[in-house]
Protein chains: 2
Amino acid sequence: MGSVMRRPTIMDVARAAGVSKGAVSYALNGRPGVSEATRARILAVARELGWAPSNPARALAPGGRVGAIGMVVDRPARSLGIEPFFMRLVSGIETELTSSGIDLMLQVTEDVAAELAVYRRWATERRVDGVIMVDLRVEDPRPALARDLPLPAVILGGPEGTGGVPCLYTDDAVSVREVVHYLAALGHRRIVRVAGPEFFAHTRSRTEAFREAARLAGVAEARTVHADYTGEEGARVTRRLLATADPPTALVYDNDLMAVAALGVASEMGVDVPGRLSIVAWDDSALCRLVRPSLTAIARDVVGNGREAARMLGGLLAEERVDDVETPPGELRPRGSTGPLSH
Amino acid sequence: MGSVMRRPTIMDVARAAGVSKGAVSYALNGRPGVSEATRARILAVARELGWAPSNPARALAPGGRVGAIGMVVDRPARSLGIEPFFMRLVSGIETELTSSGIDLMLQVTEDVAAELAVYRRWATERRVDGVIMVDLRVEDPRPALARDLPLPAVILGGPEGTGGVPCLYTDDAVSVREVVHYLAALGHRRIVRVAGPEFFAHTRSRTEAFREAARLAGVAEARTVHADYTGEEGARVTRRLLATADPPTALVYDNDLMAVAALGVASEMGVDVPGRLSIVAWDDSALCRLVRPSLTAIARDVVGNGREAARMLGGLLAEERVDDVETPPGELRPRGSTGPLSH
DNA sequence: CCCGATGGCTTAACCGGTTCAGCGAAGCAG
DNA sequence: CTGCTTCGCTGAACCGGTTAAGCCATCGGG
């Protein structure tokens with residue numbers, strides 16, 4: 001009150017407790033070197049003064065950590081706002097971090113070059129202790145960068161092409177097969193998959209799995225077209241597909257947003273769902289349950305994955321050995337948007 | 001190659017350039033105190049060594065800044081993933097920060113108490129230089145906390161109840177009036193507004209404006225009910241409203257998510273939109289354009305607001321005088337979900 | 001009783017920047 | 001030529017922690 005209160009430093013605590021600042025440091029960090037009586041007194045004084053460690057000072061000390069990890073999201077700005085995936089991931093990451101007092105830095109970039117620049121800056125300026133990388137690409141330059149900088153990292157994706165960086169991956173082929181067999185069983189023989197951009201690694205592996213599964217399930221016509229995950233492009237592609245002479249009877253989308261857009265397009269073109277067209281979304285979010293008909297979707301535990309990735313990165317930072325982790329495949333949740341063809 | 005390369009420090013640059021580290025600091029920060037020739041040489045050496053300032057060291061120096069700002073999002077986790085508002089805000093904030101090399105820390109909390117704890121921690125541990133606060137509440141404890149800590153802050157909301165913290169606000173009453181008159185002109189006389197939680201300041205001011213506007217527009221029946229912004233609850237409330245004897249003919253939602261849910265409920269109950277029910281969403285996102293019928297919405301420049309808020313916080317950190325800023329009211333975008341009643 | 005080990009604390013160096021005071025040389029006015 | 005100012009740089013303190021090294025008192029064993 002009146003005078004401006006300076007944040008108390010460890011030195012203030014030391015003076016108030018009548019010991020050296022070294023002793024205070026030992027006491028506060030629960031390390032040996034002080035008696036239990038002294039430790040208790042120091043803790044009491046620190047609490048009373050409202051002391052908290054200065055993060056910059058801690059980080060600066062030899063071997064010190066910044067206490068923050070980073071995540072770069074590199075998606076077209078116009079799809080970002082609406083794509084539920086990232087916020088769910090963030091909330092998963094944070095549930096894991098909260099207990100350890102680690103913060104999350106988020107950065108949105110426009111392209112890969114900018115993303116790489118961010119990692120470089122974060123590493124050289126010591127702004128984060130490590131990063132979580134999402135959206136693994138074909139020939140992704142990021143694992144090599146992480147190794148060279150060096151910058152501890154965990155990748156969501158893989159397990160191929162991660163160049164030694166620990167990763168959290170899912171075998172999408174399982175889900176792809178499940179979807180294809182499900183649709184085939186419903187009688188569908190012309191299925192088109194509207195995928196994300198070709199340069200994403202998971203897009204490619206799903207594409208291969210899709211082709212193979214279709215062959216095995218005896219689906220005559222099965223192909224993949226690419227879009228950019230935005231609702232606009234999802235709508236455009238869908239419109240084009242439905243306008244052909246012999247339109248597909250089932251469409252599988254690589255994210256929920258495009259699937260919702262497809263629903264709108266079908267309604268606008270008077271195509272009955274699921275009577276004449278079945279729609280499947282990859283990644284189940286609340287969105288899929290809100291629209292009508294509700295969307296059949298492949299549900300992954302995105303929040304849990306975020307949490308697990310954060311845990312892995314934590315292990316990495318603690319110099320523990322961290323192995324790749326495989327998460328359970330996404331499971332099909334049949335809803336109103338899929339069904340047999342009505343004649 | 002071979003040996004582990006230590007990050008070059010300012011001292012390495014100084015030795016390589018044959019000057020003291022003080023001189024290097026002056027040169028790199030563009031301050032007077034070194035000749036142009038020396039400055040050029042130092043810059044060349046620094047670039048060659050790949051030097052970048054250690055952020056913790058900078059922050060630790062007297063008067064140093066952390067180079068990061070924070071934002072806490074306090075919403076129920078289940079609506080977070082899908083709520084487009086925050087990601088759009090984040091991307092706006094970042095467009096402003098990118099040029100200045102400031103990072104954004106994001107934290108998701110479960111309640112206000114946790115949110116306050118985060119601010120406290122960020123301030124006492126010196127993890128951020130300032131924060132952007134969203135979702136101003138009635139009797140919001142955050143402005144006082146920001147003043148006491150102290151923690152530079154900018155609030156999205158207000159201008160009442162911000163307790164001296166600079167804010168970025170919109171006069172929602174303008175948009176509320178526009179919506180009400182629009183619906184009244186279409187012939188609607190029973191309008192219900194499905195608002196967000198009552199404890200948000202903007203909820204309350206919209207509620208008042210809504211009542212007043214309805215009176216002026218001669219709308220006989222106009223009331224507000226509250227929900228929590230989630231699709232689930234939006235759906236539940238809508239179902240209840242439509243099941244009454246004399247159901248409302250128009251519903252106005254406080255966010256886009258609940259409006260989408262309402263569309264689903266209407267379809268499920270066989271209520272034609274807009275033939276028997278008009279629906280308006282507050283906050284226009286791509287979502288509103290994807291569903292069918294597309295949603296009439298009130299569009300705000302969320303991205304621009306994020307950007308402006310970041311700019312204001314920047315000014316605050318630069319010790320400039322920062323005034324409250326009023327942004328243009330959200331504008332009504334009529335689409336397919338509203339229309340006259342059909343008989 | 002003496003010696004070595006141990007516990008408990010202090011001292012001081014260190015992290016990597018920023019900045020202030022000071023100092024020699026050069027420039028300039030008188 | 002002298003004295004003052006300015007320029008360009010150096011040296012050192014400082015930010016607030018962590019931690020290695022050292023020192024003194026106590027204690028147990030032989």
Side-chain angles (χ1 to χ4, degrees), chain A residues 5-43 45-46 49-68 101 121 123-127 129, chain B residues 4-43 45-46 49-68 101 121-127 129:
Chain A
M5 197 83 86
R6 195 174 41 84
R7 301 178 52 252
T9 72
I10 204 172
M11 203 52 208
D12 297 322
V13 177
R15 266 191 291 266
V19 292
S20 71
K21 65 176 195 169
V24 174
S25 179
Y26 290 136
L28 292 167
N29 293 316
R31 304 171 63 95
V34 286
S35 67
E36 279 315 311
T38 310
R39 184 187 305 273
R41 184 160 42 93
I42 291 174
L43 288 176
V45 170
L49 292 180
W51 178 87
S54 154
N55 194 57
R58 271 214 165 140
L60 185 56
R65 302 217 166 277
V66 182
R121 187 174 68 84
T124 59
E125 298 185 359
R126 289 206 55 201
R127 292 204 172 236
D129 295 321
Chain B
V4 174
M5 197 82 86
R6 195 174 41 84
R7 303 177 51 250
T9 71
I10 205 172
M11 202 52 207
D12 297 323
V13 177
R15 266 190 291 265
V19 292
S20 72
K21 65 177 194 169
V24 174
S25 179
Y26 292 137
L28 292 167
N29 293 316
R31 305 171 63 94
V34 284
S35 67
E36 279 315 311
T38 310
R39 183 187 307 273
R41 184 161 43 93
I42 291 174
L43 287 176
V45 170
L49 292 180
W51 177 88
S54 155
N55 194 58
R58 272 213 164 141
L60 185 56
R65 302 217 166 278
V66 182
R121 187 175 67 84
W122 277 351
T124 58
E125 297 184 0
R126 289 206 56 200
R127 292 205 173 234
D129 294 322

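In what follows, chains carry the letters A, B, and so on, assigned in the order in which the sequence lines appear, proteins first and then strands, with residues in each chain numbered from 1. Predicted model only: the values in this text are computed from it and were never measured.
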Which heavy atom in [X] sits nearest to a heavy atom in [Y], and how many Å separate them?
| X | Y | answer |
| --- | --- | --- |
| B/Arg126 | B/Gly64 | NH2-O, 2.7 Å |
| B/Arg121 | A/Gly101 | NH1-O, 3.6 Å |
| A/Ala27 | A/Arg39 | O-NH1, 3.2 Å |
| B/Ala52 | A/Glu125 | CB-CG, 4.2 Å |
| B/Ala23 | B/Val34 | O-CG1, 3.7 Å |

With rounding to the nearest 0.5 Å, note down the distance linking [atom1] in [X] to [atom2] in [Y].
| X | Y | atom1 | atom2 | result |
| --- | --- | --- | --- | --- |
| A/Ile10 | A/Leu49 | CD1 | CG | 12.0 Å |
| B/Arg41 | B/Leu43 | CZ | CG | 11.0 Å |
| B/Arg127 | B/Trp122 | CZ | CH2 | 10.0 Å |

In whole Å, I'd like the distance from the [atom1] atom of [X] to the [atom2] atom of [N].
| X | N | atom1 | atom2 | value |
| --- | --- | --- | --- | --- |
| B/Asn29 | C/dC20 | CG | P | 13 Å |
| B/Leu60 | C/dC14 | CG | C1' | 12 Å |
| B/Leu49 | C/dG17 | CG | C1' | 16 Å |

Handout entry: Validation row: A/Val24, A/Trp51 side chains within 4.5 angstrom (heavy atoms)
Key =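 Not touching, per the 4.5 Å side-chain cut-off.
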Exercise for the section: Identify whether any heavy atom of B/Ala52 sits under 4.0 Å from a base atom; if not, whether one sits that close to sugar-phosphate; answer base, sugar-phosphate or nothing. Expected result: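 Contact class for B/Ala52: sugar-phosphate only.
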Exercise for the section: On DNA chain D, check which nucleotide each of B/Arg39 and A/Ile10 is closest to and give me the residue with the more 5' one. Expected result: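 Here B/Arg39 is the residue nearer the 5' end.
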Exercise for the section: Tell me, please, the opening and closing nucleotides of DNA chain D, 5' to 3', among those with an atom under 4.0 angstrom from a non-hydrogen atom of chain A. Expected result: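 From 5' to 3', the first and last contacting nucleotides are D/dG16 to D/dA20.
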Problem - Residues A/Ser54, A/Thr9; criterion side chain to side chain contact (heavy atoms under 4.5 Å, CB included); working and verdict - result: CA-CA 8 Å; A/Ser54 154; A/Thr9 72; over 6 Å; no
Exercise for the section: Using modelled atom types only, decide if a donor and an acceptor are shared between the side chain of A/Asp129 and the backbone of A/Val66 within a distance under 3.5 Å. Expected result: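 At least one qualifying donor-acceptor pair exists.
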Problem - Near-strand residues of residues 18-28 of chain B, defined as heavy-atom separation under 4.0 angstrom from DNA chain C - result: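 Nucleic-acid contacts, sorted: B/Lys21, B/Gly22, B/Ser25, B/Tyr26.
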Handout entry: Net bend of the helix from C/dC1-D/dG30 to C/dG30-D/dC1, end axes of five pairs each, nearest 10 degrees
Key =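 That helix has its two terminal axes inclined by roughly 50°.
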